[in-house]
Structures are given as C-alpha cells and as structure tokens.
Amino acid sequence: MKNIALIGFMGTGKTAVGQRLAKKLERSFIETDTLIEQKAGKAIPDIFQQDGEISFREMEIGVIKDIARRENVVIACGGGVVLNKINIDRLRENGIIIYLTASPEVILKRVSSGGNQRPLLDVDNPALTIRELMEFREPFYQRAADITVDTSKLEINAVAEEIIIKLRENESFDFEK
Ligand code: S3P
C-alpha cells in the first residue's frame, strides 16, 4: 500500500495534519525531522549550528531513503526535502505526494507562535526570509506535488478531510488495497 508524504513550506501544517490523517486512515505516522534528531542525538537547531545545513541535508537524504522502503505510512517531511531531487524520486516510488501551501502571512503567524525551532527563520527579518525562500522553492514543490491543498484558511481536521477527498479522486492511489 502506498505511503502518503506531506511536503510544503515550514508552518503549512505538515506535522499536525499528518498526525490527524494517519489517525483517520489508521496508518502509522512518521516525521523526518524526528528521525533525524534521533539519529543525530540532538535537536535540529543544534545540528544546523554545530554541523551545518549540508550535514542536515545528508541526514535527511538517509532518513528518506529508509522511510521510502516502508508501506502504508503517513510521512511529514521537513520543508526543505524538495531541494534534493533524489528525495522526491524515492518518496514517489511507493508513495503519493501531498503539497500543503499557506500564504506568507499565515506562515509567519504560525511559525512565530511558540519557541523558534527553525534555524532558517532565526533571522532579523523572518517575514522577508519566508518570502524569499518560498519564492525560490515554489517550483520545486509544484514539480513534486501530486495533490495540493491550501491550508491558509482551514483547520487541521478540514485539511485532513480535503486530502482524503482528493486521494479518493486520484487514480494512482488505491484506497481499498
Ligand atoms: C526546514 C524545515 C524544517 C526542518 C529544518 C529545515 C526547511 O521542518 O526540517 O529546520 O528547510 O524548510 P518543518 O518544515 O517541519 O518546519
């Protein structure tokens, strides 16, 4: 049975929606960032600070490689997973890719609440960085996406419901098997 991989910018709700979706579909939920932290034995900001982004991306590639071999799981990917094409190729081998979007304003609001666990947005002007990174990454996300859902105005449950509706419409995803 195919995996369901959630991609999208930071703050688009991949983790919260992924957990809800997994519950609704009675599947296991996996988050790539959590696996990377377990593997590295430290938190994401520490990996970025001590080892650098390139090391983080290498760990991300390794984790995706392992996960893509599994079946029937919901995967919340880190926002930068699309930057390495190999990740998307591997996720697609046995999975469908759901792209969650949100407006930059909504993203800023969401990532500003709670402590900042996102090293890429730990900058003087996060609003500007969000816009720049989103603009750069947009074509990568679009190219990878099988299904797209705008989460800006939706609650977590509504996003999960919309994904299920779109999965049912998608011929490459067989719900019953
Ligand atoms: C990143 C997103 C983060 C995390 C890391 C890098 C990115 O995950 O993987 O901080 O490059 O967009 P979330 O999208 O879950 O915040």
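Bear in mind the structure is a predicted one, so any value in this text is a computation, not a measurement. Start at 1 and go down the list; that is how both ligands and their atoms are numbered. Scope of the values below: all heavy atoms of this structure, side chains included, with no hydrogens, waters or symmetry mates.
Near Pro119, with a cut-off below 4.0 Å to any heavy atom, the atoms of ligand 1 are 10 (O). Those atoms of ligand 1 with a heavy atom of Leu120 less than 4.0 angstrom away are 7 (C), 11 (O). Within ligand 1, the atoms closer than 4.0 Å to a non-hydrogen atom of Gly78 are 8 (O), 9 (O), 14 (O), numbered from 1 in the order shown. Those atoms of ligand 1 with a heavy atom of Arg118 less than 4.0 angstrom away are 16 (O). The distance from ligand 1 to the heavy atoms of Phe56 drops below 4.0 Å at these ligand atoms: 5 (C), 9 (O). Of all the atoms in ligand 1, the ones that sit under 4.0 Å from a non-hydrogen atom of Arg137 are 7 (C), 11 (O), 12 (O).
Proximity of a side-chain donor or acceptor of Asn3 to a complementary backbone N or O of Ala5 within less than 3.5 Å is not detected. Of the possible polar contacts, one joining the Lys14 side chain to the Phe9 backbone as a donor-acceptor pair under 3.5 Å is found. Side chain of Lys166 to backbone of Thr148: a donor-acceptor contact under 3.5 angstrom is found. Using a distance-only test at 3.5 Å, with no hydrogens or angles considered, no donor-acceptor pair links the side chain of Glu53 to the main chain of Phe48. Looking only at distances, no side-chain donor or acceptor of Arg27 sits under 3.5 Å from a matching main-chain atom of Val74. Distance alone, capped at 3.5 Å, places no donor-acceptor pair between the Asp51 side chain and the Phe56 backbone. In this structure, Thr151 contributes its side chain and Leu100 its backbone to no donor-acceptor pair below 3.5 Å.
Given atom 9 (O) of ligand 1, the protein heavy atom at minimum distance is Asp33 OD1, 2.8 Å.
The aromatic rings of Tyr99 and Tyr141 sit parallel to each other, their planes meeting at less than 30°, with 60° as the upper class boundary.
For ligand 1, one of its N or O atoms has an N or O atom of Gly79 under 3.5 Å away. On a distance-only criterion, Gln117 and ligand 1 share no N/O pair closer than 3.5 Å. At least one N or O atom of Lys14, backbone or side chain, sits closer than 3.5 Å to an N or O atom of ligand 1.
Between Arg110 and ligand 1 there is no heavy-atom distance shorter than 4.0 Å. Heavy atoms of Glu31 stay at 4.0 angstrom or farther from ligand 1.
Nearest heavy-atom pair, Gly78 versus Asp33, reported as atom, atom and distance to 0.1 Å: CA-OD1, 4.0 Å.
At a 4.0 Å heavy-atom cut-off, ligand 1 touches Arg57 through the side chain alone.
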